[in-house]
Amino acid sequence: MKASLKAKYDAEKATAASAVTLAFNAGDVKLRASLTEATIVNGPSLNGLALAVDKPGAFTIDYNVPKKDFRFQFMNTIKVSEKPLNLTYSHNLGDHKTILDGTLVIDSDNKVSVNHVLGSGNCKLKYTYVHGGLTTFEPSYDLAKDSWDFAVSRKVYEDHVLRAAYQTFSQDLAVDWSTKSKLIGSYKVSALFNLEGGLKVPRVTAESTWDFEM
Amino acid sequence: MMKASFRGSYDADNSDATGSVVVNAGGINLRASITGDSLINGPSSLNLNGLTLSVENPGSFTVDYNVPKKDVRFQFMNNMMINRKPLNFTYTHSVAENKTLLDGTLLLDSNNKVSASYGFKPRDCKVKYSYVYGCSTTVEPRYDFADNSWDLVVSRRLPDDSVVRGSYKSSTKDLGVDYRTKSFANGSFKVSPSVNLADEKKIPKLTAESIWDFEM
């Protein structure tokens with residue numbers, strides 16, 4: 001059985017929140033129980049118990065216990081001109097939202113993705129280009145908002161990734177530094193700048209995840 | 001390679017027909033189906049009710065688009081193991097009608113199956129147990145939680161490969177029998193007499209259906 005503990009710290013909210021996930025294998029599926037947003041500072045509170053059945057690469061069914069809501073995700077791959085097209089269908093029962101995602105893997109360095117929310121008439125396009133095995137460029141375009149977003153990430157010192165993402169519509173620049181370590185788990189520090197009207201003090205958040213086997 | 005199939009059905013009250021054409025493109029089936037009044041009344045009275053376009057990855061998923069209703073329907077087929085027994089399930093979602101259905105069958109062994117179908121609404125659940133006896137006879141009791149009714153279906157495959165099926169619905173007291181011939185040349189034929197036992201006069205109704213498949 002695997003367990004993971006995630007702690008989040010947000011400078012603005014001034015409270016730490018954490019999520020605990022327990023996962024175990026049952027044949028070819030994984031069963032997962034998660035508690036999200038558990039807070040201890042102002043008195044213990046447990047929000048959001050979620051249960052999930054997950055068959056990697058095939059489907060995921062999530063059940064949000066307090067909301068009594070189901071979410072279905074199905075993954076399929078078909079070949080288009082001998083290139084794999086990975087399709088993901090996601091449906092949230094409660095808010096009637098259906099999302100379709102298709103990623104065409106042109107080659108090991110190039111991918112095109114299309115994301116469509118059914119009924120919204122909107123489409124998000126994304127291109128992923130990996131340069132030199134270390135740097136990834138991801139321009140994306142939102143049809144309805146007619147806006148571009150850019151993300152660049154680079155692998156540094158083997159286990160670290162530096163990522164910068166800019167959203168032109170909201171003028172938000174997010175920079176994050178993440179590390180995966182076998183000893184101390186993984187952590188991510190993010191700084192969010194809103195560039196509207198010049199450079200201001202960023203909002204800093206930090207996230208730490210510990211995984212362990214029981 | 002293109003395959004076409006045609007299904008016509010006739011009963012004393014209505015007649016109907018469905019034609020479909022399938023094209024296989026790299027493992028994916030693209031299908032166009034049309035339903036309309038039977039051609040028995042002549043092509044002049046042909047009324048094309050529904051055109052449905054489908055994309056299908058056999059055994060994996062099907063996406064249907066009902067052109068007149070502008071409705072998309074997704075179906076995903078998947079399986080998982082429960083206690084080393086295979087559980088096959090199908091998830092169906094009709095977007096415009098906002099209907100979601102999960103249908104699962106657990107194969108306990110080669111002769112025993114349990115199936116359940118749930119529509120994500122209160123009491124929208126049906127359960128079915130299937131038992132195969134002696135290789136050719138299948139007994140299927142079914143229970144519907146929505147109206148607390150049970151049905152029983154017994155079917156038997158005859159030595160010439162045709163199938164006889166008897167069914168009884170407790171909620172409507174309908175007793176029906178089906179006889180379907182084995183596939184001959186390019187199709188098969190099914191006759192279904194049924195009678196309502198609650199009806200005083202017990203007049204049987206007769207439905208006939210013809211299925212033709214051919215390759216082009």
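Order of the sequence lines sets the chain letters (A, B, ...), proteins ahead of strands, with each chain counted from 1.
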Peer 1: To see if you've got the definition right, give the donor-acceptor pairs under 3.5 angstrom between chain A and chain B.
Peer 2:
residue	atom	partner	partner atom	Å
A:Asp28	OD1	B:Met81	N	3.0
A:Lys55	NZ	B:Asn79	O	2.8
A:Lys55	NZ	B:Asn79	OD1	3.1
A:Asn76	OD1	B:Ser60	OG	3.1
A:Tyr89	OH	B:Tyr91	OH	2.7
A:Tyr89	OH	B:His93	ND1	2.5
A:His91	NE2	B:His93	NE2	3.4
A:His96	ND1	B:Asn98	OD1	3.4
A:His96	ND1	B:Asn98	ND2	3.1
A:His96	NE2	B:Asn98	ND2	3.4

Peer 1: Measuring from A:Arg203:CZ to A:Leu192:CG, what's the distance to the nearest 0.5 Å?
Peer 2: 7.0 Å
Peer 1: Which answer fits A:Val80, side chain, backbone, both or neither, if we ask what part of it has an atom under 4.5 Å from a heavy atom of chain B?
Peer 2: neither
Peer 1: Which residue in the set A:Leu162, A:Val161, A:Asp176 passes side chain to side chain contact (heavy atoms under 4.5 Å, CB included) when paired with A:Ser153?
Peer 2: A:Val161
Peer 1: To the nearest 0.5 angstrom, please state how far the CG atom of A:Leu49 sits from the OG atom of A:Ser34.
Peer 2: 8.0 Å
Peer 1: Is it the case that atom OH in A:Tyr141 sees more than 12 heavy atoms from other parts of the structure closer than 6.0 Å?
Peer 2: yes
Peer 1: Taking the side chain as every heavy atom from C-beta outward, state whether A:Val65 and A:Leu51 have any atom pair closer than 4.5 Å.
Peer 2: yes
Peer 1: Calculate, to the nearest 0.5 Å, the distance between atoms CZ and CE belonging to A:Phe59 and A:Met75 respectively.
Peer 2: 9.0 Å
Peer 1: Take the angle between the ring planes of B:Phe76 and B:Phe61 and call it parallel below 30°, perpendicular above 60°, tilted in between.
Peer 2: tilted
Peer 1: Is A:Ala26 close to chain B through its backbone or its side chain, or both, or neither, when contacts mean heavy atoms under 4.5 Å?
Peer 2: backbone
